[in-house]
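Everything on this sheet refers to the single structure shown next.
Heavy atoms only: backbone and side chains are in, while hydrogens, waters and symmetry mates are out. Quantities reported herein were computed from a predicted structural model and do not represent experimental measurements. Indexing begins at 1, ligand by ligand and atom by atom, following the structure's order.
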Amino acid sequence: MPDINDHFETANRRILTLKAGKERLVANRHPWIFAGAIARESGPEDAAIADLHDPRGRRIASGFYSRHSQIRLRALTFGDEVLTADTIRDRLIASIRRRTRSNDTNAMRVVNAEGDDLSGIVIDRYDDILVIEIANAGIEQLRPLIINVLQNELKPRGIWFKNDIPPRKIEELSMQPEWMGEGEPSTEIRENALRFRVDPPSGQKTGFFLDQRENRQLTRALAQGRRVLNLFSYSGGFGVYASAGGAASVENVDISASAIEMARANHALNGFDASFVVADAFDYVRKTPSRFDLLICDPPAFAKSRGDVDRAARGYKDINLFAMKLLEPGAHMLTFSCSGHMPLDLFQKVIFAAAQDAGRRVSFLRRLTAAPDHPVSLFCPEGEYLKGFLLEVI
Ligand code: SAH
């Protein structure tokens with residue numbers, strides 16, 4: 001087996017030369033260097049690592065290389081800093097150690113790509129198993145290094161390579177999942193003293209929406225005695241927390257029968273009763289005769305690309321408008337957009353338009369975001385995707 005350090009040898013690196021006038025891009029330390037900013041390339045095409053040179057031949061950044069993606073380089077180091085296997089090892093270790101201090105949960109995002117200065121790598125921990133998504137061909141070649149760190153630091157029972165994110169197709173990487181471990185790639189997690197089954201092979205994203213942890217806690221704090229509607233429930237995260245908070249009733253709605261089965265199992269696991277509806281939430285909010293005091297609306301990303309934003313805005317307005325109509329005066333609503341292409345100010349305008357058309361007076365009590373195990377790099381604000389509001393609807 002080749003030594004991992006070989007990938008970092010000068011002769012094995014791709015050299016990318018920046019177009020004149022593009023230096024500012026790099027000065028801002030944004031980790032994505034696009035093909036359009038590169039004048040020429042040399043060195044091995046299948047390199048894992050590339051150095052970016054300015055037009056005068058000085059190295060100005062180094063990182064993971066891709067020969068197929070428009071993101072030609074995912075930069076890790078800038079200026080004089082030398083990129084070695086240790087740089088990556090140290091960053092992985094630092095990310096893991098920053099997270100594992102919590103006693104409240106044994107499930108967390110241990111590596112959040114750019115937010116941990118490791119563009120292209122996402123690693124979630126679900127108790128004794130780890131789930132990895134790798135978005136770049138260079139990183140794929142460095143898998144042994146990553147696995148080695150994870151085994152030393154976290155000693156997982158197994159690692160699930162989910163391999164299903166769209167960038168992998170562009171990178172011409174395998175889309176077949178892979179399990180490296182013992183037993184089944186499935187487990188039970190404990191989060192804030194509640195229990196959830198997590199099954200990465202059949203689940204959405206890496207298996208559970210870790211980013212919503214703090215918003216689930218907020219839901220629990222608001223739930224006492226209230227009738228709760230959990231739209232787009234997936235495996236029932238918000239519903240279970242609402243039950244734990246003493247809700248009078250909880251209704252979970254999702255279009256996916258298997259998501260609803262998971263939600264049912266998770267409520268049962270915690271000894272809670274609730275109702276479960278397999279339905280299109282857009283139909284459901286128009287038809288249900290029920291009224292609610294607390295509503296969670298956490299749809300999938302309606303805007304998958306920048307061109308989708310208008311259509312997405314209409315979707316968000318529609319669901320929020322009809323959801324607001326179901327609320328008793330004084331109700332609370334947690335409403336989210338997890339689409340990175342939907343800017344916060346536009347989402348706020350959409351909520352405003354929904355409130356107007358619903359004829360309700362609505363105030364913002366709090367802005368909601370992803371939990372702090374999902375850090376966002378200031379140099380790469382694109383990493384911020386989850387936004388939401390806690391609303392009071394009069
Ligand atoms: N709130 C969840 C995550 C939601 S993910 C949590 O905290 O765990 C989005 C969910 O919306 C998915 O489970 C998906 O099956 C569901 N979904 C997608 N389109 C839908 C629709 N039109 N109506 C109802 N559910 C839908």
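Salt-bridge formation is not detected for the pair Arg361/Glu392: no Lys NZ or Arg NE/NH1/NH2 atom is positioned less than 4.0 Å from an Asp or Glu carboxylate oxygen. Using a 4.0 Å cut-off between a side-chain N of Lys or Arg and a carboxylate O of Asp or Glu, Glu41 and Arg67 do not qualify as a salt bridge.
Qualifying side chain to side chain contact (heavy atoms under 4.5 Å, CB included) partners for Ala312, counting only residues two or more places apart in sequence or in other chains: Phe302, Ala303, Tyr316. When the side chain to side chain contact (heavy atoms under 4.5 Å, CB included) test is applied to Ala137, the partners found at least two apart in sequence or on another chain are Glu171, Leu173.
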Could you pull out every N or O of ligand 1 that sits under 3.5 Å from a protein N or O, with the distance for each pair?
residue: ligand 1; atom: 1 (N); partner: Phe232; partner atom: O; Å: 3.1
residue: ligand 1; atom: 1 (N); partner: Asp298; partner atom: OD2; Å: 2.7
residue: ligand 1; atom: 13 (O); partner: Gln204; partner atom: NE2; Å: 3.0
residue: ligand 1; atom: 13 (O); partner: Asp254; partner atom: OD1; Å: 3.4
residue: ligand 1; atom: 13 (O); partner: Asp254; partner atom: OD2; Å: 2.7
residue: ligand 1; atom: 15 (O); partner: Gln204; partner atom: NE2; Å: 3.2
residue: ligand 1; atom: 15 (O); partner: Asp254; partner atom: OD1; Å: 2.7
residue: ligand 1; atom: 22 (N); partner: Asp280; partner atom: OD1; Å: 3.1
residue: ligand 1; atom: 23 (N); partner: Ala281; partner atom: N; Å: 2.8
residue: ligand 1; atom: 25 (N); partner: Ile255; partner atom: N; Å: 3.0

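Under a cutoff of 6.0 Å and an axis angle of 45°, Lys325 and Phe322 form a cation-pi pair.
Sorted by first and then second residue, the salt bridge (charged side-chain N to carboxylate O under 4.0 Å, His left out) pairs with a member in residues 289-301 read Arg227-Asp293; sequence neighbours excluded.
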